[in-house]
There are 2 protein chains.
Amino acid sequence: MRPTTKDLAEAAGVSLATVDRVLNDRPNVSDRSRERVHQAITSIGYVRNIAAVNLAKNRTYSFRFIFPTAGDQYLRELINQVHEASTDLISDMTDVDFDQLDMRDPHMVANYLSTLDRDQVDGVAIMAPESPQVRDAITRLGERNIKVVQFLSGQEKLGNLDFVGADNFTAGATAGRIISRFLGQISGKVMVIADTMQSLSNIQRRLGFDQVLNTCFPVLKALPSLETHGDEARAKRIISRQLQHESDVVGVYVINSEARVPIEQISHCKDLRSLTIVAHERTPFTEKALLNEEIDAVVAQNPGHAVRSALRILRARCDNRDIIAAQENIRVEVLLKENL
Amino acid sequence: MRPTTKDLAEAAGVSLATVDRVLNDRPNVSDRSRERVHQAITSIGYVRNIAAVNLAKNRTYSFRFIFPTAGDQYLRELINQVHEASTDLISDMTDVDFDQLDMRDPHMVANYLSTLDRDQVDGVAIMAPESPQVRDAITRLGERNIKVVQFLSGQEKLGNLDFVGADNFTAGATAGRIISRFLGQISGKVMVIADTMQSLSNIQRRLGFDQVLNTCFPVLKALPSLETHGDEARAKRIISRQLQHESDVVGVYVINSEARVPIEQISHCKDLRSLTIVAHERTPFTEKALLNEEIDAVVAQNPGHAVRSALRILRARCDNRDIIAAQENIRVEVLLKENL
DNA sequence: CTTGATTTGAGGTACGTACCTCAATTATAT
DNA sequence: ATATAATTGAGGTACGTACCTCAAATCAAG
C-alpha cells in the first residue's frame, strides 16, 4: 500500500494537522517542522493521491479556446478536436468550449478578454495575432489568475507564457528541404503563397524555407511571397499574373494552413502534377490532393495533439504542477501519399 | 454543480442502493428499475466522478512491458520512455515496470508469461515475435484476466487483441516513396537490409516498399533483402559482397529499427553521401547521421507515444472502458535533417 | 515571571462513490 | 393463500485529502 498523509505524519513525528499545513503551504509552521515533513516525504516516498485531492477540493476546471472567425478547413478540424477533447474530459471534471472572434479588430479581442471572469473560466488557449492591445489584455488575464497559453500562433514568447505549436522556422525549413530534394537537380523558381505576411508564424516559415533553399539548393530561386489576404478573386489575379511573368516555375510552397484556394487557382493555369507542391496542414483538401498526387507533401502539426497539449498545460498551470516538456513538444510532421 | 448518484437516484425515483446496483452491474435489479436509472442518466446528464471512483475502489494498477534482450539504441530509448511513463503515472496509482526476455526461446517466453500472477500484474505490453507457444500463453493470460497489448510487433490480429504500433506496410511504403522521390530520375538498384526477414513487421515493410517502387518508380530495382541476424561480422561480409557485385547501387533501405551496424558497414565501402539512404526509428545514430547528411530520411514511430498509448489501452481495458481509437493510432513519421 | 504571539495537536466534516448488511416490500410459483 | 424468491430501501463504513475550529503547548519579549 502506498503511504498516506497519516503515515507521513507518523514518519515525520508530527501531527496530521502539521503535515496538512506543510503540504498546502499554510502559515504557522516552524522551519523545523517543515523540514522534518519534507524529509519524511522523500524517505518514505510519499506521493499525493490526486484522486483524493480532486475529490476533497471538489474542483472543476473550465477552459476555453479562442479562435478566429476566419479560416477554412483546418480551423474546422481544430474545432472538431476541441469537441472531442470536451467529451473526453467531461469525466475529468473539466469543461472545454470555444469562441470565435474577429481577429482583425484587436480592440474587440482585448475587450472580450477583459470580460472573462475567473469564476467562469480557469484558463484560455488563444489563437490570436500579435498586437499591443491583445498583449496587455493577456497580461491582465494573468493578474486575474486566469491561465493562458498561446495556441498555434504568436510564439513571440511574451513573459513566460506557454506556447503550443510546432516551431515555424522548422516547419518552413522542412518544407524547403522536401521541395528541393523532390526537385532533385531540376533548377527553376519556386512560388511562395501566403494569406498574409503580417503574421509572425508565416514570417518564420518563410525564413526557414529561404534558409534551406539558399544554403543547400542554390539552383532554386524562391520568388517573393504572394499575399492573398484570403480573397479568392485577389488570389486568382496575383497567381495567374505571376505564372505568366515567370517562365520556369517548378515548385510551389503554400505557407499558411488553408491551401485550398491558392492551389485551386494554380490548377486553372497549370497542371499541378508538373509542379512540386508543398502545403501545410492536413485537411480534406490536402488529403485528397496528396492521394491524387496533385501535391507532393504536406508539412503538418497534429491538431488533436495541439488541443490536448494546450489542455494539459492549462490543467498543470491551474494545479501549479510542472509540465512534461517532451510530451508537449508539437512535432513538425511530414505527410506523403503513403502515410496519411 | 454536476449531478451525483444522489441526484440520479432522485431523478430515477429509486434509492441510492438501486442506483449503485445498476451502475456497478450488481444482480437483483428489475428491468424496470434498470431502465429508469438509465433514462435518468441521460436526462440529467450524469457522469461518474472518476476521482471518487478511484478513491472508493482504492485500486492500484500494475503494468509491465516485456522486451527482448537483444536490440541496440531503439530498445534503449523505449526503456527510457517506460521509465518516464513510470514516474509520470505514479501519482495516478499506476506502477509501470519492464522485463527483458530472450525471444529466441519461445518456450521460455511462454513459461514466463504463465508465471504472471493477477495479484501482481494487471496488464502486459508484449514485444514478441509470433509463435504458437507464445500465442497460447497470451490466450491463457486473458483467461486469468490479465490484459495484453501487442507492442510494436506481431500485429497478426490474434483474436481481438489490442495492437500498438504503426502500420508496417505503410511504413515501408513511405520509405519507398521517399527514397524514390529523393532519387528523382536517377535509375539504379536499391539495397534492402534487415536483421531478419522472419519477422512479420519486416515482411510487411518490405511489401510496402516493393509496392511503391514497382508501381510508381520502375526505374529503380530493389535488390533481395540481406539478413544480418544482428551479427556484425556477417553484416560486413554480405554487405561488402553485394556492393562489389552490384555496380549501380544508388539507394539503401534499412528495414529494421537498429540501423547503426549495417550503415557503418556500408560506410566502409562507399561514401554515404553519394547514396540515398532511408532507415527506421530515431536513435542517437540516425539523428547524427541525418544531421551529417549521411542518411537522407528516417521513417519513425514515436516511442514515447507508443509507450503511453499501450498504457492508456491497458488502463482502459482494466476499467472496461472504450479506447479512443484516433488517439491510439501511432503515426508513421518522416524525419529529415530539419524537423528532428 | 508574565504576557502575548506563534506553533502544534486533536478532532471534526466534507467530497462522491463503492460495497456491505439487514429488514421490508413485491413478485412468482404452488 | 402460502411459501419462496426476487427486488428494494435505509443506513452504515471506507477510501485519502482538504479545510475548519479550538484548546494546548511552546516560544519570544518585556
Side-chain angles (χ1 to χ4, degrees), chain A residues 1-41 44-61 89-95 318-321, chain B residues 1-41 44-61 89-95 318-321:
Chain A
M1 269 290 79
R2 277 232 271 248
T4 69
T5 40
K6 210 168 159 182
D7 303 320
L8 183 56
E10 204 171 319
V14 300
S15 70
L16 258 177
T18 299
V19 164
D20 177 66
R21 290 182 182 107
V22 173
L23 290 181
N24 297 290
D25 274 324
R26 283 184 239 285
N28 295 326
V29 187
S30 64
D31 291 348
R32 186 169 148 279
S33 290
R34 192 180 309 280
E35 189 50 38
R36 289 174 71 174
V37 171
H38 280 132
Q39 284 187 354
I41 286 177
I44 69 170
Y46 170 80
V47 179
R48 255 182 162 92
N49 181 329
I50 294 206
V53 172
N54 287 341
L55 183 58
K57 288 193 167 156
N58 199 21
R59 189 177 188 333
T60 60
Y61 301 84
L89 291 179
I90 184 169
S91 63
D92 232 345
M93 307 304 283
T94 304
D95 290 326
C318 283
D319 296 344
N320 287 317
R321 288 198 334 265
Chain B
M1 270 289 80
R2 277 233 269 243
T4 70
T5 41
K6 212 169 157 182
D7 304 319
L8 185 54
E10 203 172 319
V14 299
S15 70
L16 258 177
T18 299
V19 163
D20 177 67
R21 289 181 184 110
V22 173
L23 289 180
N24 297 290
D25 274 326
R26 285 185 235 286
N28 294 327
V29 188
S30 65
D31 291 347
R32 186 169 148 278
S33 291
R34 189 180 311 280
E35 188 51 34
R36 289 174 69 175
V37 171
H38 280 130
Q39 283 187 355
I41 288 178
I44 69 170
Y46 170 80
V47 179
R48 257 182 161 94
N49 181 328
I50 294 205
V53 171
N54 288 343
L55 182 59
K57 287 192 170 159
N58 198 21
R59 190 180 190 326
T60 60
Y61 300 84
L89 290 179
I90 182 169
S91 64
D92 230 350
M93 309 303 284
T94 304
D95 291 325
C318 282
D319 296 345
N320 287 316
R321 287 199 336 266

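Side-chain atoms are counted along with the backbone in the values below, which use heavy atoms only and exclude waters and symmetry mates. Chain letters run A, B, ... following the sequence lines, proteins first and then strands; every chain starts at 1.
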| message | Just the rounded figure in Å: distance from P of dC15(D) to CG of Asp7(A). | response | 12 Å
| query | Would you say Asn54(A) and Met93(A) make side-chain contact, with heavy atoms under 4.5 Å? | reply | no
| said: With a cut-off of less than 4.0 Å, is there a side-chain N or O of Ser30(B) near OP1 or OP2 of dT8(D)? | reply: yes
| task | Name all residues meeting the side-chain hydrogen bond (donor to acceptor under 3.5 Å, both in side chains) criterion together with Ser33(A); count only those two or more places apart in sequence or in a different chain, and write none if there are none. | result | Ser30(A)
| note | 5'-most contact on DNA chain D (nearest-nucleotide basis), Ala51(A) vs Val14(B), goes to Val14(B)
| Integer-rounded Å distance: dA18(D) P and Arg59(A) CZ | 13 Å
| Can you tell me if the side-chain N/O atoms of Thr5(B) get under 4.0 Å from OP1 or OP2 in dG16(C)? | no
| request: Could you check how far CZ of Arg2(A) sits from C1' of dC15(D), rounded to whole Å? | output: 14 Å
| task | Please state how far atom CG in Asn49(B) lies from atom P in dG16(C), giving the value in whole angstrom units. | result | 7 Å
| remark: Between CG of Asp25(A) and C1' of dT17(D) the distance, given in whole Å, is 15 Å
| field | Contact under 4.0 Å: Thr18(A) side-chain N or O vs dT8(C) OP1/OP2 | value | no
| task | Could you tell me the separation between the CG atom of Leu23(B) and the P atom of dT17(C), rounded to a whole number of Å? | result | 8 Å
| Looking across every strand, which nucleic acid part, if any, lies under 4.0 Å from Asn58(A) by heavy atom: base, sugar-phosphate, or nothing? | sugar-phosphate
| Taking only residues two or more places apart in sequence, or in another chain, which ones meet Asn58(B) in a side-chain hydrogen bond (donor to acceptor under 3.5 Å, both in side chains)? | none
| task | Could you run through nucleotides 19-25 of chain C and give me one letter per nucleotide, 5' to 3': B if any protein heavy atom sits under 4.0 Å from the base, S if only the sugar-phosphate is that close, - if neither? | result | B------
| task | Output yes when at least one side-chain N/O atom of Ser15(A) is less than 4.0 Å from OP1 or OP2 of dG9(C), else no. | result | yes
| field | Closest-nucleotide ordering on DNA chain C, the 5'-leading residue of Ala52(B) and Gly13(A) | value | Gly13(A)
| Residues from residues 31-40 of chain B sitting under 4.0 Å of DNA chain C, heavy atoms only? | none
| query | Tell me: CG of Asn28(A) to C1' of dA5(C), nearest whole Å? | reply | 9 Å
| Residues in side-chain hydrogen bond (donor to acceptor under 3.5 Å, both in side chains) with Ser15(B), at least two apart? | Thr18(B)
Protein N or O to nucleotides 12-14 of chain C N or O, pairs below 3.5 Å:
none

